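Structure, as structure tokens:
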Amino acid sequence: MSATIAEKLATLGHELPVPSVPVANYVSVVRAGNLLSISGQISRIDDENAVLGVVGASVSLDDGRRAAEIAAINVLSQIAAATDGTISGVRRIVRLGVFVAATPDFTQHPQVANGASDLMVAVFGDAGRHSRAAVGVSSLPRGVAVEVDALVELEG
């Protein structure tokens, strides 16, 4: 049996959370053939906002990166819930969209987004390498610093 996403996260010092449920008129995951589209996941741990604020103001670059990693862990929880939870069930992380609440003069969005990207590579190896958009925005839901969405290709 292939290792699970939860097991791999544990070796990296993280726990796979229970997937969040939508707070508005959308679904968390849409499956179309072998593709999963994961709705934006925010930096929440145990139903608490983990990193609040704006990167470049009240949130440091390092904390922004940590927020991206937390949001990516929540993306992984959605992937695991929508599949059998094994790493081998994922053919490729196709794309990540990383939204960073940032000051107008902040320009290090890619470094913040690396918190999510590095985690996907750590969990899935080469299959975790993906295309990406790292975008600065003026605000995000619930005042969090980072939101991450994903497109994932599944095996078979």
Side-chain angles (χ1 to χ4, degrees), residues 5-6 8-9 12 14-56 59 61 63-87 89-103 106-155:
I5 294 169
K8 182 62 179 183
L9 273 179
L12 299 170
H14 302 291
E15 184 176 326
L16 186 69
V18 174
S20 65
V21 295
V23 296
N25 189 16
Y26 66 94
V27 295
S28 298
V29 178
V30 171
R31 184 169 182 162
N34 287 348
L35 293 177
L36 285 182
S37 176
I38 311 294
S39 293
Q41 301 295 303
I42 60 176
S43 51
R44 290 176 65 86
I45 300 173
D46 297 328
D47 289 331
E48 296 294 324
N49 297 330
V51 181
L52 296 173
V54 176
V55 182
V59 177
L61 176 62
D63 285 343
R65 185 178 162 84
R66 184 173 69 87
E69 181 181 59
I70 293 166
I73 289 169
N74 290 323
V75 167
L76 293 174
S77 75
Q78 296 292 346
I79 295 169
T83 65
D84 66 359
T86 62
I87 291 171
V90 173
R91 177 174 288 172
R92 178 154 206 127
I93 304 299
V94 176
R95 182 182 184 283
L96 294 182
V98 182
F99 303 89
V100 181
T103 60
F106 183 79
T107 60
Q108 295 176 292
H109 306 88
Q111 290 86 342
V112 171
N114 281 345
S117 294
D118 292 349
L119 181 68
M120 293 302 170
V121 173
V123 171
F124 297 106
D126 282 340
R129 297 194 182 282
H130 51 272
S131 66
R132 180 181 83 189
V135 179
V137 297
S138 62
S139 68
L140 287 168
R142 300 181 186 225
V144 298
V146 177
E147 180 173 349
V148 176
D149 66 16
L151 184 63
V152 179
E153 182 183 16
L154 302 176
E155 289 293 343

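Just so you know, residue 1 is the first one in the sequence shown, and it goes up from there. Since we're looking at a predicted model, the values are computed, not measured.
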Value rounded to 0.5 Å, distance of CG in Asn114 from CG in Leu61: 9.5 Å
For the CD atom of Gln41 and the CD1 atom of Ile79, what is their distance to the nearest 0.5 Å? 9.5 Å
Residues Gly56 and Phe106: closest non-hydrogen pair is CA-CD1, 4.0 Å
Heavy-atom pair of closest approach, residues Leu140 and Ala101: CD1-N, 3.7 Å
Rounded to the nearest 0.5 Å, how far does CG of Leu119 lie from CG of Leu76? 5.5 Å
About how many Å separate CG of Asp63 and OG of Ser43, when rounded to the nearest 0.5 Å? 10.5 Å
Would Ser117 and Arg132 count as having a side-chain donor-acceptor pair, cut-off 3.5 Å? yes
Could you give the distance from CZ (Arg92) to CZ (Arg129), rounded to the nearest 0.5 Å? 9.0 Å
Within 6.0 Å of CD in Glu155, more than 12 heavy atoms from elsewhere: yes
When rounded to the nearest 0.5 Å, the distance separating CG of Leu35 from CZ of Arg31 is 9.0 Å
Less than 4.5 Å apart, side chain to side chain, heavy atoms only: is that true for Ile93 and Phe124? yes
Which of Asn74, Ile70, Leu96, Val100 passes side-chain contact (heavy atoms from CB on, under 4.5 Å) with Val148? Answer is Leu96
Any side-chain heavy atom of Arg95 within less than 4.5 Å of one from Asp149? yes
On a heavy-atom basis, the closest approach of Ala81 and Pro19 is CB-CG, 3.5 Å
Shortest non-hydrogen contact from Val54 to Ala102? CG1-C, 3.4 Å
Measure from the side-chain N and O atoms of Thr83 to the backbone N and O of Gly89, and report whether any donor-acceptor pair falls under 3.5 Å. no
Considering non-hydrogen atoms only, spot the tightest contact between Val55 and Ala145 and give its length. CG2-CB, 4.2 Å
